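First up is the structure itself, then whatever we jot down about it.
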Amino acid sequence: MKLDSLYDLAMAPLEKGLLAAYRELVLGRAVGRVLELGAGTGSNLAFYNSTRLSLTLSDMEVSPLLSERAEAHSRTAPVAANVENLPFSDASFETVVATLLFCSVPNPAAGFREILRVLVPGGRYLFIEHVLSHCRPLAKAQQGLTPAWRRLAGGCRLDRDSVSAMESAGFRTTILARSPCGLIVAGEAVLA
């Protein structure tokens with residue numbers, strides 16, 4: 001079994017129990033020219049309203065599964081792109097989307113600056129992220145597990161506060177949904 005398929009299999013319970021509802025809530029807001037960052041295995045593809053947007057998929061390394069799924073959804077071939085240095089012109093997109101991405105971005109501030117750069121004035125950034133819990137015992141566990149988890153899960157940090165990082169970069173955020181203890185947040189952000 002390929003790594004992409006293993007990832008989808010491991011994520012299936014979380015997808016069914018929570019993420020699918022968050023994807024539906026957030027991705028239904030995407031309009032115009034849309035850039036999805038960190039598209040991974042293409043889990044978001046089924047949730048976009050295809051009549052209201054032009055979608056560009058990107059990931060650090062484009063997997064065969066992402067390419068296959070993009071083709072099945074009649075999308076153009078995904079683009080290899082690093083969120084910290086995007087290969088797109090300024091003000092290229094009305095919407096930028098990222099789901100479960102910023103936990104593993106080495107320099108989140110650089111990534112958020114790039115998102116701001118490629119968004120048109122008045123554009124929106126739509127996100128779903130797992131973040132540091134606001135429940136103290138769970139937050140302590142996340143912080144304790146992060147060093148080992150980073151090695152196992154491609155740099156993923158369980159203890160990152162991506163919403164605060166967005167706000168520090170110049171976004172005004174609106175949380176649309178939050179899981180119990182705040183482990184997963186879904187929302188949108190605009191230039192503050």
Side-chain angles (χ1 to χ4, degrees), residues 4-59 63 65-66 68-70 72-75 78 83 93-105 108 111-112 115 119 123-135 137-139 141-142 145 149 153-154 156-167 171-190:
D4 292 348
S5 297
L6 283 174
Y7 176 83
D8 282 353
L9 184 63
M11 292 295 291
L14 188 56
E15 283 290 339
K16 186 175 183 179
L18 184 71
L19 286 177
Y22 284 8
R23 291 182 201 282
E24 188 171 351
L25 172 69
V26 171
L27 300 173
R29 296 169 176 267
V31 295
R33 292 168 295 173
V34 178
L35 170 62
E36 181 178 336
L37 302 167
T41 63
S43 298
N44 289 335
L45 283 166
F47 296 93
Y48 286 109
N49 179 341
S50 60
T51 61
R52 295 181 10 201
L53 55 87
S54 164
L55 179 63
T56 300
L57 298 169
S58 71
D59 204 350
S63 73
L65 184 55
L66 177 58
E68 202 175 285
R69 287 180 174 168
H73 284 270
S74 301
R75 300 294 181 187
V83 67
F93 300 96
E94 282 82 23
T95 308
V96 174
V97 172
T99 58
L100 306 176
L101 174 66
F102 273 90
C103 60
S104 60
V105 172
F112 290 126
I115 292 170
L119 276 172
R124 292 186 302 170
Y125 171 53
L126 305 173
F127 62 89
I128 301 170
E129 293 288 346
H130 68 80
V131 296
L132 184 64
S133 174
H134 61 264
C135 298
L138 191 50
Q142 287 175 280
L145 289 170
W149 186 252
C156 174
R157 296 185 58 113
L158 298 171
D159 61 353
R160 187 162 276 167
D161 184 357
S162 296
V163 175
S164 291
M166 280 177 229
E167 292 168 348
F171 282 106
R172 185 179 73 243
T173 60
T174 301
I175 302 301
L176 302 170
R178 185 184 310 268
S179 68
C181 282
L183 277 176
I184 299 175
V185 294
E188 66 180 12
V190 295

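Since the model is a prediction, treat every value here as computed from it, not as a measurement.
Between Ala177 and Tyr22, the closest heavy-atom pair is CB-CE1, 3.5 Å. For the residue pair Leu101 and Gly38, the shortest heavy atom distance occurs at CD1-CA, 3.9 Å. Shortest non-hydrogen contact noted between Gly40 and Leu66 is O-CB, 3.2 Å. Considering every non-hydrogen atom in both Gln142 and Leu158, the closest pair reads NE2-O, 2.7 Å. Nearest approach of Val97 to Tyr125, heavy atoms of both residues: C-CE1, 4.3 Å. Closest approach of Ala30 to Leu126, counting heavy atoms only: N-CD1, 3.6 Å.
At least one side-chain heavy atom of Leu176 sits under 4.5 Å from a side-chain heavy atom of Arg29. Between Leu55 and Leu45, the closest side-chain pair of non-hydrogen atoms falls below 4.5 Å. Between Val185 and Thr173 there is no side-chain heavy-atom pair separated by less than 4.5 Å. Inter-residue side-chain proximity for Leu53 and Thr95 is flagged as unmet; no heavy-atom pair is nearer than 4.5 Å. Leu35 places a side-chain heavy atom less than 4.5 Å from the side chain of Ser58. Looking at heavy atoms from C-beta onward, Val26 lies out of side-chain contact with Thr99 at the 4.5 angstrom threshold. Under the 4.5 Å side-chain criterion, counting only non-hydrogen atoms from C-beta, Thr56 is not in contact with Arg33.
Looking only at distances, a side-chain donor or acceptor of Arg69 sits under 3.5 Å from a matching main-chain atom of Thr41. In this structure, Ser104 contributes its side chain and Gly154 its backbone to no donor-acceptor pair below 3.5 Å. For Arg160 (side chain) and Phe102 (main-chain N/O), a donor-acceptor pair under 3.5 Å exists by modelled atom type.
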Would you check, one step at a time, whether the test disulfide (SG to SG under 2.5 Å) holds for Cys103 with Cys156? CA-CA 5 Å; Cys103 60; Cys156 174; 3.6 Å; no

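To the nearest 0.5 angstrom, Glu129 atom CD is 13.0 Å from Leu183 atom CG. Going from atom OG of Ser43 over to atom CG of Leu27 covers 10.5 Å, rounded to the nearest 0.5 Å. Between the CE atom of Met166 and the CG atom of Asp161 there is a distance of 9.0 Å, given to the nearest 0.5 Å.
Of the candidates Arg23, Arg75, Glu36, His73, Tyr48 forms a side chain to side chain donor-acceptor pair (under 3.5 Å) with just one, namely Glu36.
The aromatic rings of Phe171 and Phe112 sit perpendicular, their planes meeting at an angle over 60°, well past the 30° parallel limit.
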